[in-house]
Student: 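Have a look at this one.
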Amino acid sequence: QQRYLSAAGKLRDEKNIGNLVKYLNNKDSNTIKTAIYALGFYNESSTKVRKEIVKDLLKQYSSIASAYDVPSPSTTAKERYQTLFNPFESTLKKLTKQEMQGADVWSKWWRKDGKKKKEW
């Protein structure tokens, strides 16, 4: 799966984006990580395409961060967050050309500015 995801991202064929996004909900954190990085290859796509990818990434990133931010997160939630933090951050920065950090900060930026801007 991970080889397929990586190869699909490198092709930069926008028809593959939907399939890559599906893997953001995989049970295996390494598979999710590969899908996140694969989506980062679309950094030269149109703003419209990148916005769709960012929206999907933020949805999953927020979910994973929420499970981690509870008072006593499970070991699985901790491991998942720690495995996926850097991939989410680097891919979001690559796609949006923005510099910030943290799921809450990204979500706030998306709601306030990101989705409204015509160009990134």
Side-chain angles (χ1 to χ4, degrees):
Q1 284 180 336
Q2 292 174 23
R3 283 190 207 148
Y4 156 76
L5 294 170
S6 184
K10 289 176 184 174
L11 289 173
R12 294 178 178 91
D13 184 344
E14 292 177 6
K15 294 176 190 167
N16 291 330
I17 294 172
N19 290 327
L20 293 171
V21 167
K22 288 178 188 175
Y23 282 93
L24 295 177
N25 294 311
N26 198 282
K27 291 180 183 178
D28 179 54
S29 293
N30 287 319
T31 300
I32 297 170
K33 178 169 68 172
T34 304
I36 294 167
Y37 282 133
L39 289 165
F41 285 110
Y42 293 89
N43 64 314
E44 297 299 321
S45 294
S46 70
T47 302
K48 180 181 178 185
V49 169
R50 289 183 289 131
K51 279 183 177 185
E52 285 301 313
I53 295 170
V54 168
K55 181 177 76 172
D56 291 324
L57 286 171
L58 287 175
K59 182 177 177 184
Q60 190 63 21
Y61 189 16
S62 294
S63 173
I64 289 167
S66 293
Y68 175 77
D69 286 337
V70 297
S72 296
S74 68
T75 303
T76 305
K78 286 181 196 175
E79 289 173 358
R80 180 164 279 207
Y81 181 79
Q82 291 166 349
T83 300
L84 300 176
F85 175 80
N86 285 330
F88 274 122
E89 290 291 328
S90 65
T91 299
L92 287 167
K93 288 174 183 176
K94 190 174 179 182
L95 292 171
T96 65
K97 300 171 179 66
Q98 301 294 311
E99 287 294 325
M100 60 193 84
Q101 185 171 313
D104 291 343
V105 176
W106 279 107
S107 292
K108 184 178 178 182
W109 170 81
W110 173 253
R111 288 189 312 273
K112 188 175 179 190
D113 298 318
K115 65 182 173 182
K116 295 173 190 168
K117 283 189 176 183
K118 292 188 191 275
E119 281 296 319
W120 291 344

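Since we're looking at a predicted model, the values are computed, not measured.
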Student: Using only atom types and a distance under 3.5 Å, with no angle test, would you say the side chain of Gln60 pairs donor to acceptor with the backbone of Leu24?
Tutor: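 Yes: the side chain of Gln60 pairs with the backbone of Leu24.
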
Student: Which atom names give the shortest non-hydrogen contact between Gly114 and Lys51, and what distance separates them?
Tutor: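 Taking Gly114 first and Lys51 second, the nearest heavy atoms are O-CE, 3.5 Å.
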
Student: When you look at NZ of Lys112, are more than 12 heavy atoms from neighbouring residues, nucleotides or ligands closer to it than 6.0 Å?
Tutor: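 No, NZ of Lys112 has 12 or fewer neighbouring heavy atoms, counting only those of other groups under 6.0 Å.
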
Student: What's the separation between atom OG in Ser6 and atom CG in Leu20, rounded to the nearest 0.5 Å?
Tutor: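 These two atoms lie 10.0 Å from each other.
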
Student: Looking at residues at least two apart in the chain, or sitting in another chain, which of them share a side chain to side chain donor-acceptor pair (under 3.5 Å) with Ser62?
Tutor: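 Partners of Ser62 under the side chain to side chain donor-acceptor pair (under 3.5 Å) test: Ser107.
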
Student: Taking the six-membered ring of Phe41 as reference, does the cationic atom of Lys94 (NZ for Lys, CZ for Arg) lie under 6.0 Å from its centre and within 45° of its axis?
Tutor: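 Because its charged atom sits under 6.0 Å from the ring centre and within 45° of the axis, Lys94 does stack over Phe41.
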
Student: May I have the step-by-step check of side-chain contact (heavy atoms from CB on, under 4.5 Å) for Ser29 and Glu79, ending in yes or no?
Tutor: CA-CA 9 Å; Ser29 293; Glu79 289 173 358; over 6 Å; no

Student: For Glu89 and Gly102, indicate whether the former's side chain and the latter's backbone hold a donor-acceptor pair under 3.5 Å.
Tutor: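 Judged by distance alone, yes, a pair lies under 3.5 Å.
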
Student: Looking only at the side chains, is there a donor atom on one of Thr83 and Arg80 sitting less than 3.5 Å from an acceptor on the other?
Tutor: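 No.
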
Student: Would you please test Asn16 and Tyr42 for side-chain contact (heavy atoms from CB on, under 4.5 Å) and show each step?
Tutor: CA-CA 10 Å; Asn16 291 330; Tyr42 293 89; 3.7 Å; yes

Student: Hey, is the main chain of Lys97 close enough, under 3.5 Å, to the side chain of Trp120 for a donor-acceptor pair?
Tutor: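 Absent.
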
Student: Going by the rule side-chain contact (heavy atoms from CB on, under 4.5 Å), which residues pair with Lys115 if we only count those two or more places apart in sequence or in a different chain?
Tutor: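 Result, side-chain contact (heavy atoms from CB on, under 4.5 Å) vs Lys115: Trp110.
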
Student: Classify the angle between the aromatic ring planes of Tyr81 and Tyr68 as parallel (below 30°), tilted (30 to 60°) or perpendicular (above 60°).
Tutor: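 Parallel, since the angle between the ring planes stays under 30°.
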
